[in-house]
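Below is one structure; the comments refer to it alone.
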Amino acid sequence: MSFGALNAWGNCLNRLVATGACGPRSAARQNRCMRIAINGAGIAGVALAHWLHRIGHTPTVIEQAPRFRTGGYLIDFWGVGYQVAKRMGIEEAVRAAGYHVECLRSVGPGAEIKADVNVAVFRRMFGADLISLPRGDLAAAMYATVESKVETIFGDSITTVDQHDDGVRLTFQSSAARDFDLVIGADGLHSNVRRLVFGPEQSYEHYLGCKVAAWVVDGYRPRDELSYVTYNTPGRQVGRFALRGDRTMFVFIFRAARDRVDETPKDQLRNEFSECGWECPQILATLDEVDDLYFDVVSQIRMESWSRDRVLLIGDAAGCISLLGGEGTGLAITEAYVLAGELARAGGDHQRAFNVYEQRLRPFVTGKQAGAARLIGFFVTRTRFGLWFRNVAMRAVNFRPLGTLLAGSVRDDFELPDYGI
């Protein structure tokens, strides 16, 4: 889903193994090269592996999935994360995988257009530094830079994290135990490293009252090329976007109680949307043949500290802003770059690096979390009057002076350091 573009409009509305590569782990040697385990082969983990390898450390990426995952829901990519991608040398691959979305469209039950927003208002501000693409395809572009250089363990999970003065011993579900100098949890909202080191998820998760689902099918009609089309009823939103290869992505968002253990994800979707208009019955019918369904809660992670001794959390594991925040991907890439840069500056003093890293990023992440929480009403408006007002405001943004003024609200208030790496 193009969460970032919708997030931007919401902002406008709210403002109107030991491989031997390092050799013996002497103190002098650690200043130059550390063995660093990264749990999670998503955006944050792969970006961090890139930068750690680039500055001379030996990262090992651990991923519970049996293979590297591509695809996923559509994101909008811009801002400081895009600047880091440029420094990684992957801009060409990112743009090749991406889409130049032309408009955001809100429709009624009979497919009548309620509001059409021209994305050009953002392109005037960001220029070429704005692209929409599947989240996993962005991760794949980064992974290609380290695939033959960095060890990746697929199909395994960490079971214990034992910290001591000189390092961390990890045990695994399948592999033999391994020793590392540092462990980075880059394993998302439901982080296993966070659970093992910091405690249960419920101590840090803040549910925002919504759930989200996404899936992709072949051959769906109709198609609206380069347009993200949404249909809303109070408390619910359905969106679709036409992908290459005659595929279509669907995204459903709805307000719901946190736990509904008596219903499967597909049953929840059918029960919530079966009486809705537009193309909902037709889209729900595609669920019968879907095996790869993304379904999750919309939550934030809020922690007093992102590190404990030799373990640090990054990306959604430490400060998830929520799926609807729109810039979680850019944040993750930025965090990976800053962490690697601070480790380089600290000359092997990981605690100093962790502390400076958190001091730099925490205000930025906290601000994004606050903005994301305010956006829930934009995605899943509670009342029909709210839906009417949102459509009026979206149409008003097409007035160029107003649109340019409001588009400035999506600029990142963060100065990207230059670490010379």
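Since the structure is predicted, the reported quantities are computational estimates derived from the model, not experimental observations.
- Residue pairs meeting the ring pair (Phe, Tyr, Trp, His ring centres under 6.0 Å) criterion with at least one partner in residues 90-110, sequence neighbours excluded, are Tyr99-Phe241.
- Using a 3.5 Å distance cut-off with no hydrogens or angles, the side chains of Asp316 and His190 do not pair a donor with an acceptor.
- Between Val229 and Asp224 there is a side-chain heavy-atom pair separated by less than 4.5 Å.
- Side chains of Asp156 and Gln64: a donor-acceptor N/O pair is absent below 3.5 angstrom, by distance only.
- Note that CG of Leu339 is 5.5 Å distant from CD1 of Ile184, once rounded to the nearest 0.5 Å.
- Of all heavy-atom pairs spanning Glu358 and Pro363, the tightest one is O-CD, 4.4 Å.
- Side-chain contact between Val311 and Gln163: present, with at least one pair of heavy atoms (C-beta onward) separated by less than 4.5 Å.
- Using cut-offs of 30° and 60° on the angle between ring planes, the pair Phe254 and Phe295 is tilted.
- At most 12 non-hydrogen atoms from other residues, nucleotides or ligands lie less than 6.0 angstrom from CD of Glu289.
- Heavy atoms of other residues, nucleotides or ligands lying less than 6.0 angstrom from CZ of Arg244 number more than 12.
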Can you check side-chain hydrogen bond (donor to acceptor under 3.5 Å, both in side chains) on Arg352 and Asn355, steps first, answer last? CA-CA 5 Å; Arg352 176 186 169 192; Asn355 290 340; over 6 Å; no
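- Comment: Arg223 engages Glu225 in a salt bridge, judged by a side-chain N to carboxylate O separation of less than 4.0 angstrom.
- Taking each heavy atom of Leu170 and Ile62 in turn, the nearest pair found is CD1-CD1, 4.3 Å.
- Salt bridge annotation for Glu201-Arg195: absent, with no cationic side-chain nitrogen under 4.0 angstrom from a carboxylate oxygen.
- Distance CG/Leu387 to OG/Ser106: 7.5 Å, rounded to 0.5 Å.
- At most 12 heavy atoms of other shown residues, nucleotides or ligands fall within 6.0 angstrom of atom CG in Asp292.
- In this structure, Leu287 CG and Lys266 NZ are separated by 6.0 Å, a value rounded to the nearest 0.5 Å.
- Here the closest non-hydrogen pair linking Asp129 and Gln83 is OD2-NE2, 3.1 Å.
- If you check the side chains of Asp309 and Gln351, you find no donor sitting under 3.5 Å from an acceptor.
- Pro265 has its side chain within reach of Leu293: a pair of non-hydrogen atoms, C-beta onward, lies under 4.5 Å apart.
- With contacts defined as side-chain heavy-atom distances shorter than 4.5 Å, the pair Ile421/Tyr337 qualifies.
- A cation-pi arrangement is absent between Arg35 and Phe180, since the terminal nitrogen or guanidinium carbon is not both under 6.0 Å from the aromatic centre and inside a 45° cone about the axis.
- Residues Ala139 and Val46 come closest through the heavy atom pair O-CG1, 3.9 Å.
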Stepwise side-chain hydrogen bond (donor to acceptor under 3.5 Å, both in side chains) test for Glu342 and Tyr419: CA-CA 8 Å; Glu342 293 302 332; Tyr419 294 104; 2.6 Å; yes
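- What you find for Val80 and Leu416 is that their closest heavy atoms are O-CD2, 4.3 Å.
- Taking the side chain as every heavy atom from C-beta outward, Val183 and Arg310 never approach each other to under 4.5 Å.
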Output, in order, the C-alpha distance, side-chain angles, deciding distance and verdict of side-chain hydrogen bond (donor to acceptor under 3.5 Å, both in side chains) for Glu91 and Tyr82. CA-CA 8 Å; Glu91 183 182 16; Tyr82 195 100; 2.9 Å; yes
Evaluate Ser299 against Glu205 for side-chain hydrogen bond (donor to acceptor under 3.5 Å, both in side chains), listing each step before the verdict. CA-CA 6 Å; Ser299 294; Glu205 182 196 6; 2.5 Å; yes
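- Looking at Asp218 and Arg247, no side-chain N of the basic residue comes within less than 4.0 Å of a carboxylate O on the acidic one, giving no salt bridge.
- Side chain of Ser191 to main chain of Gly188: no donor-acceptor pair is present (N/O by atom type, distance under 3.5 Å, no hydrogens or angles).
- Looking only at distances, a side-chain donor or acceptor of Thr159 sits under 3.5 Å from a matching main-chain atom of Thr171.
- The distance from atom NE2 of His206 to atom CZ of Arg302, rounded to the nearest 0.5 Å, is 5.0 Å.
- The existence of a salt bridge linking Arg240 and Glu279 is confirmed by a sub-4.0 Å separation between a basic side-chain nitrogen and an acidic carboxylate oxygen.
- Between Asp187 and Arg194, no side-chain nitrogen of the basic residue sits less than 4.0 Å from a carboxylate oxygen of the acidic one, so the salt-bridge criterion is not met.
- Gln237 places no side-chain N or O within 3.5 Å of a backbone atom of Ile253 that could act as its donor or acceptor partner.
- When every heavy atom of Ile301 is checked against every heavy atom of Ala317, the shortest pair comes out as CG2-O, 3.6 Å.
- Note: Phe389 and Phe385 have parallel aromatic rings, judged against thresholds of 30 and 60 degrees for the angle between ring planes.
- Rounding to the nearest 0.5 angstrom, the gap separating the CD atom in Glu151 from the OG1 atom in Thr60 is 4.0 Å.
- For Phe250, the ring-ring contact (aromatic ring centres under 6.0 Å, His included) criterion is met by Trp215, Tyr220, not counting sequence neighbours.
- With a 6.0 Å cutoff to the six-membered ring centre and a 45° limit on the axis angle, Arg105 does not count as a cation-pi contact of Tyr228.
- Taking the six-membered ring where tryptophan is involved, the planes of Phe414 and Phe364 are essentially parallel, since the angle between them stays under 30° and well short of 60°.
- Atoms CE and CG, from Met249 and Leu243 in turn, are 4.5 Å apart once rounded to the nearest 0.5 Å.
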